[in-house]
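In what follows, residues are counted from 1 in the order of the sequence shown.
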Amino acid sequence: MQDVYSFLKPIDFIVVVAYLLIIIGLGFWVSFRKKKNTGENLFLAGHSLNWSSIGFTMWGTNVGPSMLIASASIGFTTGMVAGNFSWYAFLFIFLLAVVFAPRYLGAKVLTLPEFMGKRFGQSTRSILAWYTIVTVLISWLSLTLFAGGILVGQILNLPLWVSVMVLIVISAFFTIAGGLEAIAFTNVFQMILLIVVSLALTVVGVIEAGGLMAVYEGVPADYWNLLRPLDDPNYPWAAILLGYPIMGVWFWCTDQSMVQSVLGAKSLKQGQLGANFTGWLKILDVPLFILPGIICFILFPELENPDMAYMTMVTRLFPAGMTGLVMAVLIAALVSTIDSALNSLSTVFTMDIYVKKVKPDATQKEIVKIGRIVTVVGAVIAVGCSLAIDSIKGLNLFDVFQSVLGFIAPPMSVVFLFGVFWKKTTTRAANFVLTVGTAFSIGTGIMYLWVFPSALYDFWPHFLLLSFYIFVILSVVAFLISYFDKNAAAKNQNILDFSNLVKPDRTVWVLWALLIMVMVGLYVFFNGH
């Protein structure tokens with residue numbers, strides 16, 4: 001199937017419009033039902049988020065076009081192996097809950113650059129603020145808008161720029177009007193629908209394929225392996241085992257967009273339970289997004305473009321109206337990622353650059369105003385970048401997302417891990433890794449993706465291994481600079497005190513132990529086929 005639009009009926013478009021009106025109405029009600037007296041509500045929801053809102057917000061932020069389209073595509077072509085990007089994440093979500101969250105909330109910070117500023121000083125905070133802004137613009141907004149624009153364009157038969165504008169306008173509404181509270185509230189509604197609709201697609205697909213055993217036997221045996229041999233051309237086990245942790249630490253523990261909802265938790269316990277809930281929700285990624293691609297391989301083996309696997313299943317298996325609901329939920333998932341990223345972008349610029357450097361005595365009204373202006377400016381820049389990405393051809397969408405994250409991750413992972421676990425790490429080492437190290441890492445990525453693309457030049461290792469090698473190099477550099485920095489003691493600007501951290505309570509430990517056992521069981525079950 002090459003033309004999704006031709007399979008749609010008028011009722012489908014009615015459902016899409018109705019759904020969008022509902023979520024806009026919800027956002028308006030949440031945003032304006034009570035008067036906000038401080039700017040903090042805009043950014044951290046007044047520390048009012050409970051575990052369910054945190055879990056749904058983190059998962060909803062993570063569920064973007066790469067999950068909905070690319071995961072089904074990878075499932076169609078290679079099977080379960082892409083599930084590592086969802087299931088392997090539980091280790092790093094656990095690290096966020098028990099190691100980083102107590103330190104973040106104990107430091108009483110609005111942003112992660114602010115946290116690093118308390119650890120290494122204001123120079124590090126300023127560098128990290130700009131670093132965070134650039135990564136949010138590239139890895140969250142631009143790539144998501146590009147992939148989302150493609151999806152919406154296919155569904156509604158619109159040119160890319162129109163699709164992108166539709167997405168950005170809806171997303172900016174939530175961020176400008178209500179901040180994180182509106183995002184968190186509507187995410188719960190959106191993510192429940194996403195689960196229901198995608199689960200229905202999987203169930204209908206399994207039935208159409210003849211049952212679970214027919215699905216299991218209808219694809220090559222290695223489709224059911226999470227870990228593949230070292231000579232596998234797509235995802236060898238060593239690349240996943242060594243490379244994903246670099247991405248996982250950055251993405252789940254240090255990225256402002258992902259951690260923001262934990263920073264807005266009512267309490268540490270709610271933040272830790274919310275992270276745990278995210279880990280359980282990540283289990284759903286495989287049956288909801290990858291399995292439909294595997295089933296599509298069985299039902300429609302003649303499909304020429306694997307990127308169409310998800311929507312092929314939707315339009316061929318669902319009746320009119322239900323297809324419209326799926327489209328609406330897909331758009332909601334895009335909006336969820338984009339509005340969370342816009343909110344994070346606004347928060348970092350306003351609190352770490354404007355208030356800290358430009359106008360320290362700014363009133364709450366001025367802070368909120370600047371935050372909303374930054375949201376609009378960021379949206380415009382992201383639209384331009386997403387249209388520029390359209391000129392890049394011949395790259396697998398899933399690998400583009402993962403490789404970009406892989407080249408952004410090493411400097412941040414090094415600085416945060418060293419900053420938390422080694423008290424002798426110096427400001428000079430952190431700043432060097434965040435500046436020169438970032439230039440080295442992203443420069444390597446540019447060479448890998450554009451100058452000497454790996455598709456044409458076979459001397460490159462897998463991009464996950466390349467990310468691991470860069471992490472090791474930067475770690476050695478950070479250690480050597482810190483070790484030989486003779487003036488480190490005199491210049492120590494660390495004002496964080498980790499000696500009296502609040503310990504996780506029994507409920508938190510029990511739920512995490514259960515999740516770890518389940519994940520180990522899944523890895524044992526989905527290997528050796």
### Message
Would you say that F120 contacts L128 through its side chain, given a criterion of any heavy-atom pair below 4.5 Å between the two side chains?
### Response
no

### Query
NZ of K108 to CZ of F115: how many Å apart, nearest 0.5 Å?
13.0 Å

### Query
How long is the gap from CG on L227 to CG on N527, to the nearest 0.5 Å?
4.5 Å

### Summary
Between L268 and L105, the two heavy atoms sitting closest are CA-CD1, 3.6 Å

### Query
Between N50 and S53, is there a donor-acceptor pair closer than 3.5 Å when you use the side chain of the first and the backbone of the second?
yes

### Message
Among residues at least two apart in sequence or on other chains, which ones pass ring pair (Phe, Tyr, Trp, His ring centres under 6.0 Å) with W280?
### Response
none

### Candidate pair Y131 and T124, rule side-chain contact (heavy atoms from CB on, under 4.5 Å), full reasoning
CA-CA 10 Å; Y131 180 99; T124 303; over 6 Å; no

### S467 side chain to F463 backbone, donor-acceptor under 3.5 Å
no

### Message
Is it the case that the side chain of D505 and the backbone of V508 share a donor-acceptor pair, with hydrogens and angles ignored and the cut-off at 3.5 Å?
### Response
yes

### Summary
OG1 of T132 to CG of L137, rounded to nearest 0.5 Å, is 11.0 Å

### Query
ring pair (Phe, Tyr, Trp, His ring centres under 6.0 Å) between F56 and F277: does it pass, once the steps are laid out?
CA-CA 8 Å; F56 276 119; F277 186 39; 5.2 Å; yes

### Query
Under 3.5 Å, side chain of D232 to main-chain N/O of N234, donor-acceptor pair present?
yes

#### Entry: Over 12 non-hydrogen atoms of neighbours within 6.0 angstrom of CH2 in W130
no

### Task
Compare all side-chain heavy atoms of W509 with those of V98 and state whether any distance is below 4.5 angstrom.
yes

#### Entry: Minimum-distance pair of heavy atoms, taken over all atoms of Y223 and T77
OH-O, 2.9 Å

### Task
Please test W59 against D285 for side chain to side chain donor-acceptor pair (under 3.5 Å), starting from the C-alpha separation and ending with a verdict.
CA-CA 10 Å; W59 189 60; D285 290 359; 2.9 Å; yes

### Summary
Taken to the nearest 0.5 Å, the spacing of I283 CD1 from L515 CG works out to 5.5 Å

### Query
Q272 versus P102: any side-chain heavy-atom pair under 4.5 Å?
yes

### Sub-4.5 Å side-chain heavy-atom contact between W252 and K282
yes

### Query
Is there a donor-acceptor pair closer than 3.5 Å between any side-chain N or O of S441 and the backbone N or O of G437?
no

### Message
How about CG on L212, more than 12 heavy atoms from neighbouring residues, nucleotides or ligands closer than 6.0 Å, or not?
### Response
no

#### Entry: L201 versus P292, closest heavy-atom pair with distance
CD2-CB, 4.3 Å

### Heavy-atom side-chain contact between L281 and I195 under 4.5 Å
yes

### Query
Are any of the side-chain heavy atoms of M80 and V286 separated by less than 4.5 Å?
yes

### Message
side-chain contact (heavy atoms from CB on, under 4.5 Å) for L49 and Q270? Distances and angles first, verdict last.
### Response
CA-CA 8 Å; L49 301 182; Q270 290 297 310; over 6 Å; no

### Note, I353 side chain near I133 side chain (heavy atom, < 4.5 Å)
yes

### Query
Applying the ring pair (Phe, Tyr, Trp, His ring centres under 6.0 Å) test to F85, which of Y235, F401, F92, F90 qualifies?
Y235

### Query
Out of curiosity, L167 CG to L141 CG, how far, rounded to the nearest 0.5 Å?
11.5 Å

### Query
ring pair (Phe, Tyr, Trp, His ring centres under 6.0 Å) with F479: which of W422, F432, F484, F418?
W422

### Query
Does any non-hydrogen side-chain atom of I290 lie less than 4.5 Å from one of I74?
no

### Task
For Y88 and L241, indicate whether the former's side chain and the latter's backbone hold a donor-acceptor pair under 3.5 Å.
yes

### Query
Hey, does the side chain of S346 reach the backbone of T375 with a donor-acceptor pair shorter than 3.5 angstrom?
no

### Task
Identify the two heavy atoms, one from M247 and one from A409, that lie closest to each other, and give their separation to 0.1 Å.
CA-CB, 3.8 Å

### Task
For K424 and R119, work out which heavy atoms get closest and say how close.
N-NH2, 4.5 Å

### Task
Quick one: do L464 and Q402 satisfy side-chain contact (heavy atoms from CB on, under 4.5 Å)? Show the steps, please.
CA-CA 8 Å; L464 287 176; Q402 303 305 334; 5.7 Å; no

### Message
Within this structure, what is the CG-OH distance for the pair L263 and Y104, rounded to the nearest 0.5 Å?
### Response
8.0 Å

### Task
May I have the step-by-step check of side-chain contact (heavy atoms from CB on, under 4.5 Å) for F100 and L417, ending in yes or no?
CA-CA 10 Å; F100 287 96; L417 289 174; 4.1 Å; yes

### Task
Test R125 against every option in E114, K118, M116 by the side-chain contact (heavy atoms from CB on, under 4.5 Å) rule and name the one that passes.
E114

#### Entry: S71 side-chain N/O to F289 backbone N/O, donor-acceptor pair under 3.5 Å
no

#### Entry: Closest heavy-atom pair and its distance - S413, I246
OG-O, 2.8 Å

### Query
Any donor-acceptor pair under 3.5 Å linking the side chain of R228 with the backbone of T78?
yes

### Query
More than 12 heavy atoms of other residues, nucleotides or ligands under 6.0 Å from OH of Y523: is that the case?
yes

### Query
What orientation do H529 and Y216 show, parallel under 30°, tilted 30 to 60°, or perpendicular over 60°?
perpendicular

